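Just below is one structure, and these are the notes that go with it.
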Protein chains: 2
Amino acid sequence: MSSFSPEPRVAAAADRVQKPQARTAETRRRILSAATTVFGAKGYNKGSLIEIAELAGMTHAGVLHHFGSKDNLLIAVLEYRDDEDVAHLERHQAPTGDELLRHMLGTVRLNLTRAGLVQAYAVLSAESVTDSHPAAAFFRSRFDGLRRMIADAYATVAPEGTTEERLLAAASATIAVMDGLQVQWLHDETVDMPEAVEATIVGLIAWLRGAAQPL
Amino acid sequence: MSSFSPEPRVAAAADRVQKPQARTAETRRRILSAATTVFGAKGYNKGSLIEIAELAGMTHAGVLHHFGSKDNLLIAVLEYRDDEDVAHLERHQAPTGDELLRHMLGTVRLNLTRAGLVQAYAVLSAESVTDSHPAAAFFRSRFDGLRRMIADAYATVAPEGTTEERLLAAASATIAVMDGLQVQWLHDETVDMPEAVEATIVGLIAWLRGAAQPL
DNA sequence: CCTACCGATCGGTAGG
DNA sequence: CCTACCGATCGGTAGG
């Protein structure tokens, strides 16, 4: 939203075929796309700036010119993906209540068509729990925000007076089942992610409503 | 079971205070313990043989003398943990049916007391989906075995004639929720793993029994 | 189980 | 955005 302004800051630049800012933004997107691929395929630690740079058609010093450090590049990759998903959400109206739960099932089905992105997310989110990982803060706050949003959705289908603890347990379980299934599915594509997620969500609703037998 | 035989192969070795095989086995265990710690804290790619060796009190060439390569060491770490868990299972009689489901809840509670091991498992299982990772075959077969075992357990509490597809969906969801919760919990220890796992399991049983409302 | 060493790779910087 | 380079680290091997 802030960096894609169509007006060049200096009028003198207008005689170039392509405006400098536009070309820079385009190059940055090319690098971000390459970095998503490489971090997804190798993880952050093993994915190298050299490989990312080759995929983006430049040297690794060029990548560092645009992003400053490897850590910064990782953060930019994660925020870039988040921006795209948020934009997608807003295009379809931010869903609430049980619409959000149905929307999550749609995301699971969409993920069946983009294994690379799924792998990047699965690998980086787990890697982010290791010692002083640059993506730790990103994932911590992402999980926190998702749990609150999904707990609110469950509140609309749970009995009145359901405790926040139970709503948050259902929310964290829902996120967990989606993330955990991705790892299994990346190992074995016969794992049925949509069926397992739907079963979990409707099961959790039954649990919130007291319709489930205790173990 | 095969490598801890108390009898030395050569009688002449008996005059040493400690039998060579016994000392080797002890050293190997020390290395495996150090490797679990380091791979857990850093992941496989960033965890170095040098750091593992220091923690075990030797040089990295010594570690390689015992395990041949870094890949071999990782596999040994994973199989070592599995052996310990299997031994624990057998001590308590291999549980079946709904006993297995209750046993899994016990494992979740136990995991609250061993974050290091949880982190090693969470990091390595996700890292194992990256390009030609040495632990790929281990986790693929582990997930496969767990899914079959847990699907059998759900069969004992599901209506007769429940399809294998539905049983496997419940099983993969159960494994997924446990794995996914570990990542969230490692980021934020207020996440209530036992509550979320119990909710998921009883919810999935309700789903198998048709007691859950479709979304 | 160690000393000593190898080739390879990496992230980052200088300076343009 | 590149060339050229740096120090650091790594897994593995030789040879004992």
Side-chain angles (χ1 to χ4, degrees), chain A residues 13 16-35 37-39 41-77 123-124 127 130-135, chain B residues 3 13 16-35 37-39 41-77 124 127 130-135:
Chain A
R16 298 232 198 134
V17 173
Q18 220 175 2
K19 292 152 193 166
Q21 293 91 336
R23 193 164 38 197
T24 292
E26 201 179 294
T27 302
R28 285 175 58 98
R29 275 192 293 270
R30 232 173 52 233
I31 296 170
L32 289 172
S33 166
T37 300
V38 172
F39 287 152
K42 310 274 186 89
Y44 174 73
N45 285 315
K46 202 175 186 189
S48 75
L49 291 176
I50 293 170
E51 188 174 352
I52 291 166
E54 275 171 9
L55 200 58
M58 67 185 70
T59 66
H60 90 283
V63 171
L64 286 171
H65 167 75
H66 284 282
F67 289 94
S69 73
K70 193 187 180 189
D71 282 15
N72 284 347
L73 176 56
L74 174 62
I75 298 304
V77 163
V123 172
L124 294 173
E127 197 181 73
T130 58
D131 294 356
S132 42
H133 194 279
Chain B
S3 50
R16 301 236 194 126
V17 172
Q18 218 175 4
K19 292 153 191 166
Q21 291 90 337
R23 191 164 39 195
T24 292
E26 201 179 294
T27 302
R28 285 176 58 97
R29 273 193 294 271
R30 229 173 55 232
I31 296 171
L32 288 172
S33 167
T37 300
V38 172
F39 287 153
K42 310 275 187 89
Y44 174 73
N45 285 314
K46 204 175 185 188
S48 75
L49 291 176
I50 293 169
E51 188 173 352
I52 291 166
E54 274 171 12
L55 200 57
M58 67 183 74
T59 66
H60 89 283
V63 171
L64 286 170
H65 167 75
H66 283 283
F67 289 95
S69 73
K70 192 186 178 188
D71 283 14
N72 284 346
L73 175 58
L74 174 62
I75 297 304
V77 163
L124 294 173
E127 197 181 73
T130 59
D131 294 356
S132 43
H133 194 279

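Letters A, B, ... are given to chains in the order of the sequence lines, protein chains preceding strands, and every chain is numbered from 1. Since this is a predicted model, take the numbers as computed values, not measurements.
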Does any nucleotide pair with dG15(D) by Watson-Crick or G-U wobble geometry, both distances under 3.5 Å, and what is it? dC2(C)
Would you kindly give the CD1-to-P distance between Ile50(A) and dC5(D), to the nearest whole Å? 16 Å
Looking only at dA4(C), dG12(C), dG11(D), the nucleotide nearest the Ala61(B) side chain is dA4(C)
Which atom names give the shortest non-hydrogen contact between Leu64(B) and Ser69(B), and what distance separates them? CD2-CA, 3.6 Å
Look at Ser48(A) and dC10(C) and indicate whether a side-chain polar atom (N or O) is within less than 4.0 Å of OP1 or OP2. yes
Is a side-chain donor or acceptor of Thr130(B) paired with a backbone partner of His133(B) at a separation under 3.5 angstrom? no
Pairwise 5' ranking along DNA chain C for Gly47(A) and His65(A), keeping only the more 5' one: Gly47(A)
Of Leu64(A) and Gly62(B), the one whose closest DNA chain C nucleotide lies more 5': Gly62(B)
Whole-Å distance separating the CD atom of Glu54(A) from the P atom of dC10(C): 9 Å
For residues Met58(A) and Thr27(A), determine if any side-chain heavy atom of one lies less than 4.5 Å from a side-chain heavy atom of the other. yes
Nearest to side-chain heavy atoms of His66(A), which nucleotide of dT3(D), dC1(D), dC1(C): dC1(D)
Nearest of dG12(D), dC10(D), dC2(D) to any side-chain atom of Met58(A)? dC2(D)
For Thr59(B), which contact category applies under a 4.0 Å heavy-atom criterion: base, sugar-phosphate, or nothing? base
Tell me: CG of Leu49(A) to P of dC2(D), nearest whole Å? 13 Å
Interatomic distance, Lys70(A) NZ vs dA8(D) P [rounded to whole Å]: 19 Å
How long is the line joining NZ of Lys42(B) and C1' of dC10(D), in whole Å? 13 Å
Roughly, in whole Å, what's the span from CG in Asp71(B) to C1' in dG12(D)? 12 Å
Rounded off to whole Å, could you give me the CG-to-C1' distance for the Asn45(A) and dT9(D) pair? 13 Å
OP1 or OP2 of dC1(D) less than 4.0 angstrom from a side-chain nitrogen or oxygen of Thr27(A), does that happen here? yes
All heavy atoms of Lys70(A) vs all of Tyr44(A), minimum pair found to be NZ-O, 2.7 Å
Just verifying a value: how many Å separate Asp131(B) CG and Lys46(A) NZ, rounded to the nearest 0.5 Å? 8.5 Å
dC10(C) C1' sits how many Å from Ile52(A) CD1, rounded? 12 Å
Considering just the side-chain nitrogens and oxygens of His60(B), establish if one lies under 4.0 Å of OP1 or OP2 belonging to dG12(D). no
